[in-house]
Asks: 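Below is one structure. I have some questions about it.
Reminder, nothing fancy here: chain letters follow the sequence lines and each chain counts from 1.
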Amino acid sequence: MSLYDSLNEQQKKGVFTTQGPVLILAGAGSGKTSVLTRRIAYLIDNMGVNSWNIMAITFTNKAAGEMKERVDDIVGYGESVWVATFHSTCVRILRRHIDRLGYDTNFTIYDTDDQKSVMKEVCKKLEIDTKQLKEKTILGAISSAKDELISPLEYEMSVMGDFTKRRIANAYKEYQTLLKKNNALDFDDIIVKTVELFKSCPDVLENYQNRFQYIMVDEYQDTNTAQFELIRLLASKTRNLCVVGDDDQSIYKFRGANIRNILDFEKVYPDATVIKLEQNYRSTQNVLDAANAVIRNNIGRKDKSLWTEQGAGNRLHFRPFDTAYEEAEYIASDIKRKKRQAESDYGQCAVLYRTNAQSRLLEESFIRENIPYDVVGGVNFYSRKEVKDVLAYLKTIDNGKDDLAVKRIINVPRRGIGAASILRVQEYADSMDISFYEALQQVDQIPTLGKGKAADKLKDFVTMIQMFRTKLQFCSLEELITDVLETTQYVQMLEELDREEAEERLQNIDELITKVVSFEMAREELGEEITLSAFLEEVALVADIDGVDKDDNKVLLMTIHSAKGLEFSQVYLAGMEDGVFPSYMTITSDDPMDIEEERRLAYVGITRAKDDLTISYAKARMLRGETQYNPVSRFVKEIPPHLMDNKLPSIRKWDQDEYETDSYERSHFKAKPFQTGMPQNSFGGRTPQQRVQLNDTVFDKPKNNWEAADTRRNNWESVSVNTGYQKTTSVTPTKQARDLSEIIGSRPKAVVKKKETPSANKPYIAKSLDGLSKGVPTTSGGLGYQAGDRVRHIKYGDGTVLKIEQDTRDYKVTVAFDEAGNKIMYAAFAKLRKI
DNA sequence: ACGTGGCCACTTTTT
DNA sequence: GTGGCCACGT
């Protein structure tokens with residue numbers, strides 16, 4: 001039996017059509033990775049192609065690694081085939097040739113934080129008021145321009161009259177200048193500069209064209225214009241370009257992905273062979289029917305429909321809840337039930353949601369139920385403060401040209417170098433046209449600094465960095481990091497923080513060291529050189545999903561975006577509410593294409609499920625500190641009711657029954673006034689949050705102790721109301737408010753007349769909305785537990801209360817935890833629950 | 001030079 | 001509910 005017997009006819013066509021342009025439209029779960037890996041095998045084994053001449057491009061390192069492994073399994077040449085992400089491919093090329101563009105080959109890569117810092121400097125220099133035009137906005141515009149391969153010059157030409165765009169054009173130019181000065185590239189530059197290199201150096205391009213004679217691109221629907229151009233250039237000699245993608249799974253428009261790349265592939269390559277893979281090997285027919293029904297509502301897609309030879313399978317499980325809290329509890333308990341009844345193990349379950357913020361409630365439930373889980377994404381590990389600090393030390397040691405890194409750590413931990421000194425050094429560097437670090441090296445030459453204390457401290461810093469550089473010549477990266485932490489007393493600085501925080505940050509540092517060690521080991525195994533630059537580069541290009549290990553047998557929690565390309569036996573789609581998914585942003589957007597992208601995301605989510613799909617919905621949910629009441633997601637309503645298992649209302653009924661509220665706006669205001677949050681005398685001295693009934697709208701001057709603030713945004717999405725205490729509460733104006741204000745022709749100035757004076761001494765027990773904030777504020781009344789009680793902490797687990805003391809502002813509780821040992825904590829923060 | 005308190009914005013998704 | 005930033009005070 002040959003390698004290819006298990007393939008269906010369409011898949012075989014994909015494998016055997018090796019010459020010329022090929023477009024494979026691969027529906028979700030249609031076995032496209034099998035096709036790609038077998039295609040590589042076929043090229044090598046049957047076509048006599050040298051494995052070295054084959055390139056496969058993916059979007060994540062994880063996908064690249066898996067593909068390599070699978071090729072390796074089949075033909076054993078896995079390592080010699082170039083399988084890599086767009087970004088790592090380009091970085092590898094640039095490391096060899098970017099000097100042709102006037103950069104140094106040991107350039108650094110800037111992440112979004114770094115970009116923001118640079119842009120801040122740019123704005124200062126160009127006197128751009130960042131209140132009017134935010135750094136993020138400018139960076140967004142620049143990023144979009146780069147995705148479209150628009151240079152600063154071209155951008156400037158195209159904007160002519162528009163004042164704001166003109167300023168962006170200037171900022172773009174200045175930003176690039178600054179990056180170059182720092183010998184740095186941002187994410188977009190990695191692609192853009194490679195294209196630039198190929199266009200300006202035909203010899204370099206030809207070199208790579210000769211090398212990559214067969215090119216394959218995975219997840220082609222996610223490519224942007226720059227990436228397409230890159231591929232087009234590389235493939236223009238042999239034209240052996242095979243792209244695989246699914247227009248229905250294009251979910252990265254916000255990142256510049258151009259869906260036209262896949263829709264118009266046949267226009268660019270009229271001789272392209274087009275192959276459709278529609279047979280699905282992943283999911284049950286019920287899941288596929290649901291997915292098909294949803295995606296059918298999009299116009300502007302290539303017509304196709306998934307089918308399977310598997311049976312109908314279980315129906316989808318639709319589970320409505322009153323609150324997000326109950327939703328989370330249900331999901332946790334259901335997973336536990338499946339485990340108990342041996343229906344499925346933890347590792348086969350995944351909970352998917354629209355936004356990272358939704359993971360929190362779920363996590364809390366999982367902790368309560370003792371379910372092992374991993375959250376993918378959220379705040380990237382490498383963007384945590386302490387990790388970035390250590391990396392900045394490494395960057396400074398590796399490449400003194402990275403001003404940003406140097407400035408980040410020059411006074412961390414504190415060594416008495418202040419803003420004034422830094423400014424003087426910078427001025428000198430500017431005047432001499434050298435980097436910040438180079439200026440530091442010649443401190444004695446800086447007239448404004450003289451020979452004072454400041455100069456000595458700067459000198460000490462330089463000596464220390466030089467010492468690390470010397471040391472690096474003969475020690476491992478691990479030793480270097482340890483030495484940096486010790487010499488700088490960084491760890492000591494962290495230990496001075498309060499215990500909980502220190503512990504967490506130290507853990508992150510430990511994890512970083514672990515990553516260094518495993519990097520060194522992996523490199524050693526491959527016989528590759530271990531350099532600091534290589535480590536920093538790898539770190540800059542990791543995605544959250546890259547670190548996920550399927551063998552851990554843990555439930556995975558992640559956004560639907562992160563879940564693309566993955567599959568699970570048991571999938572939970574949580575938070576299926578209009579306003580959450582589709583997000584409020586897309587509902588209110590004037591571009592109808594936005595909702596289509598959101599629908600594709602729903603399609604991706606549904607098609608992750610192999611056996612069971614549970615869709616849940618919460619009537620009330622706390623979002624940004626506000627309770628929102630949302631109707632069921634329109635995408636759920638697009639699923640035919642007969643595919644779902646519970647007593648489902650008919651489609652018609654959706655519009656009137658309890659799952660529906662009359663309109664999105666109205667639904668916000670059914671909340672009665674109530675108070676929640678911490679009592680005033682609790683730690684931190686916060687005032688209670690006021691939730692107000694907005695139906696009593698007034699437009700007069702602010703009344704009583706409600707002081708009105710202006711509307712924050714022109715489109716009146718929210719109005720700030722100062723409660724007369726200190727806390728500003730953000731509320732959303734009623735529909736009436738909008739109408740009325742249109743009539744009187746002004747923006748609502750005050751939308752609240754309700755007067756409620758919270759008495760400072762009166763203890764509040766939160767009237768939490770159906771347990772939305774269960775267990776939050778308990779301090780001043782009674783804690784709900786006393787010395788000797790067994791309590792549960794979200795992080796430390798169970799323990800016994802040893803003593804409770806009245807501190808100046810809060811109760812100080814000492815708990816002996818079974819696992820974590822003794823801890824002293826403030827009651828308001830600890831959120832202990834009696835068990 | 002450094003710490004603190006108040007004020008604000010943030011939450012859509014990420015290589 | 002949180003983190004970043006600025007202004008101010010020591």
Asks: Please find out if less than 6.0 Å separates the ring center of A/Y353 from that of A/H561.
Replies: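 Ring centroids of A/Y353 and A/H561 are no less than 6.0 Å from each other.
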Asks: Tell me whether A/D147 is salt-bridged to A/R255, with the criterion being a basic N under 4.0 Å from an acidic carboxylate O.
Replies: no
Asks: When rounded to the nearest 0.5 angstrom, what is the spacing between CG in A/L404 and OG in A/S117?
Replies: 4.5 Å
Asks: Does A/S421 place a side-chain N or O at less than 4.0 Å from the phosphate oxygens OP1/OP2 of B/dA1?
Replies: yes
Asks: Taking the cut-offs as 6.0 angstrom to the six-membered ring centre and 45 degrees off its axis, would you call A/R505 and A/Y490 a cation-pi pair?
Replies: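 Pair A/R505/A/Y490 does not count as cation-pi.
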Asks: Does A/T559 have a side-chain nitrogen or oxygen under 4.0 Å from the phosphate oxygens OP1 or OP2 of B/dT14?
Replies: yes
Asks: Is A/F254 touching bases, backbone alone, or none of the nucleic acid, heavy atoms closer than 4.0 Å?
Replies: base
Asks: Should the pair A/R600 and A/Y603 be classed as cation-pi, given the thresholds of under 6.0 Å to the six-membered ring centre and 45° from the axis?
Replies: no
Asks: How would you label the contact of A/K134 with the nucleic acid (heavy atoms, under 4.0 Å): base, sugar-phosphate, or nothing?
Replies: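 Answer is sugar-phosphate: A/K134 comes under 4.0 Å of backbone atoms only.
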Asks: Taking the side chain of A/R255 as its heavy atoms from C-beta onward, which of B/dC2, B/dT14, B/dT11 lies nearest to it?
Replies: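 So the nucleotide nearest the side chain must be B/dT14.
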Asks: Can you see if the side chain of A/N356 gets near the phosphate of B/dT13 - specifically, an N or O under 4.0 Å from OP1 or OP2?
Replies: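 Result: yes.
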Asks: Hey, which of these two, A/R415 or A/F86, hits DNA chain B nearer its 5' end, going by closest nucleotide?
Replies: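 Going by which nucleotide is closer to the 5' end, it is A/R415.
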Asks: Taking only N and O in the side chain of A/R414, is any of them less than 4.0 Å away from OP1 or OP2 of B/dG3?
Replies: yes
Asks: Do A/E66 and A/K62 meet the salt-bridge criterion of a basic N to acidic O distance under 4.0 Å?
Replies: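 Between A/E66 and A/K62 there is a salt bridge, with a charged N closer than 4.0 Å to a carboxylate O.
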Asks: With sugar-phosphate meaning primed atoms plus P, OP1 and OP2, does A/N411 contact a base, only sugar-phosphate, or nothing at under 4.0 Å between heavy atoms?
Replies: sugar-phosphate
Asks: Taking only N/O atoms, report every protein-nucleotides 5-9 of chain C pair under 3.5 Å with atom names and distance.
Replies:
unit_1 : atom_1 : unit_2 : atom_2 : d
C/dC5  : OP1    : A/K120 : NZ     : 3.0

Asks: Counting only side-chain heavy atoms from C-beta out, which of B/dT15, B/dT13, C/dG1 sits nearest to A/R360?
Replies: C/dG1
Asks: Do any side-chain nitrogens or oxygens of A/S562 fall under 4.0 Å of OP1 or OP2 in B/dT13?
Replies: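 A/S562 to B/dT13 OP1/OP2: no side-chain N or O under 4.0 Å.
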